Structures are given as C-alpha cells and as structure tokens.
Amino acid sequence: MTKALFLDDSYLKEADAAVVSVKDGKYIVLDRTIFYARGGGQPHDGGKMVKGDEVYNVVYVGKFEGEISHEIDHSGLSEGDEVHLVLDWERRYKLMRSHTAAHVVASLLNQGTGALITGNQIEVDYVRFDFSLENYNRTVLEGYLAKANKLFSTDTAVKSYYLPREEALKVPGVIKMAGALPPDIPVLRIVEIVGVDKQADGGTHVKNLREVGNVELVKTENKGKSNRRIYFKLSS
Ligand SMILES: [Zn+2]
C-alpha cells in the first residue's frame with residue numbers, strides 16, 4: 001500500500017519515491033506519494049516525476065482497487081526506479097484553501113439552517129455545494145459567507161488526527177454529507193477546525209483559517225423544491 005504522505009503533511013511539495021509497479025507504460029504506483037488522488041469532492045493533484053534528466057508530467061491521479069495510481073504523459077519508467085516527485089503547489093494550495101473554506105461554509109449553513117449537504121465538489125476555480133433547504137435567498141447565503149470570512153480573519157487552527165471508528169462516529173456532526181458513511185475502516189481521519197467543525201475527511205487542508213483569505217458568492221441555482229446549489233470561490 002502506498003504511503004500517502006499528504007495525509008500527515010499537506011505542505012510537502014517534493015519527495016523521493018520508488019516505483020512499485022507500471023501498467024501500460026503510464027500508470028505508476030509508488031511506495032510513497034505526495035499526490036492526492038481524486039476523491040471525496042477534491043480533484044487530483046498535478047506535478048511531475050523526475051528520473052535523472054527525464055521529466056514525466058503527472059496528468060491524473062486516481063484510486064484504483066485501493067491503490068493510488070499516477071498517470072504520466074509518456075512511458076519510460078520501470079519497477080524499482082527511484083523518482084523525485086514535485087507537486088504543482090499553486091494548484092494544490094488553492095484546493096487546500098478551498099477545501100478548508102468548504103468545511104467552514106458547510107458547518108455554518110448546517111448549524112444555522114439545519115440543511116444537510118447533499119453534494120459538493122471543489123474545483124481549482126470554485127466550490128459547488130448542493131443542500132436541502134426550502135427557505136433561502138441570496139442575501140441569506142451572502143450572510144453565511146460573510147460569517148465565514150470573519151472566521152477566515154482569525155487565527156484558528158486546523159488539525160488532523162486519527163480516531164477509532166466507534167469513537168469518531170460519536171462526534172456530533174462528524175458526518176456532514178447526507179447519507180454518507182465513512183469508508184469501512186477501523187480508524188478514521190478527522191479534520192478539526194478548532195471551535196468550528198469536525199469531520200471525517202481524507203482531504204488536504206491549510207493549517208490555519210487565515211490562509212483561506214476571503215470567499216465570495218458566484219451564483220445560486222434552484223434544483224427543485226428544496227434542493228439548492230451554490231457556487232462560491234476564493235476572492236484571490
Ligand atoms: Zn472535506
């Protein structure tokens with residue numbers, strides 16, 4: 001099993017790794033990685049693998065049969081090769097800021113309205129939320145984003161740690177997604193925004209709310225009687 005270094009240090013921008021397997025010349029499994037695989041509403045990372053003078057661009061990272069698989073842009077790597085990994089940090093850092101922002105906004109919406117999040121997707125340029133709420137309007141939503149922005153101007157720590165499944169499931173609000181159960185594993189990773197939110201989560205986050213900056217509403221949509229969709233983004 002690949003060691004997912006980003007789970008314990010989301011700020012790792014480079015690392016050395018060994019190639020464990022190669023499929024069809026371009027699907028690479030490593031012994032350890034800094035690249036996040038698409039999942040949990042967060043897109044995959046980009047970057048490159050370097051072996052000597054040869055640079056392989058990482059164009060997609062996915063999880064297949066439980067393994068993190070890196071798709072590279074051309075063949076040439078073999079099992080046992082030592083490679084140097086370099087993350088596309090600009091892309092990742094935006095995703096980290098957006099992911100942490102998404103937890104804060106979801107938590108405020110949930111606490112304020114009781115609405116359950118029914119879907120969410122973080123992209124490099126925006127965050128999309130679906131939630132069930134009958135009575136709402138743009139002003140109300142902007143109010144929640146303003147509250148979130150206030151939190152983003154405070155020194156609030158974001159921590160991640162592990163809890164036994166039983167204990168984790170007792171934490172109020174640890175599951176924010178309607179109908180979502182965490183993976184069937186004995187130990188869950190918890191992302192805690194101190195005083196704001198605790199969730200079972202496998203994503204990459206900033207370590208202080210100040211790093212998020214500001215968010216702003218992009219647009220809202222009605223997707224049925226009580227199904228709302230909002231788009232918001234980092235202001236810069
Ligand atoms: Zn999350």
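Just so you know, these numbers use all the heavy atoms, side chains as well, and skip hydrogens, waters and symmetry mates. Remember, predicted model here, so these are calculated numbers, not experimental data. Sequence positions, counted from 1, serve as the residue numbers for this chain. Whatever order the structure lists them in is the order used to number ligands and atoms, beginning at 1.
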Check your understanding: Stepwise, does the side-chain contact (heavy atoms from CB on, under 4.5 Å) test hold for Val83 with Leu77?
Key -> CA-CA 9 Å; Val83 287; Leu77 288 176; 3.8 Å; yes
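At a cut-off of 2.8 Å, His205 is not counted among the residues with an N, O or S atom near the Zn ion (ligand 1).
Ring orientation note: the planes of Tyr11 and Trp89 are tilted relative to one another, at an angle of 30° to 60°. Classification of the His103-His99 ring pair by plane angle, with boundaries at 30° and 60°, yields perpendicular.
His103 has its closest N, O or S atom to the Zn ion (ligand 1) at the position named NE2. Considering just the N/O/S atoms of Asp201, the one nearest the Zn ion (ligand 1) carries the name OD1.
The environment of NZ in Lys13 is crowded: more than 12 heavy-atom neighbours from other residues, nucleotides or ligands sit within 6.0 Å.
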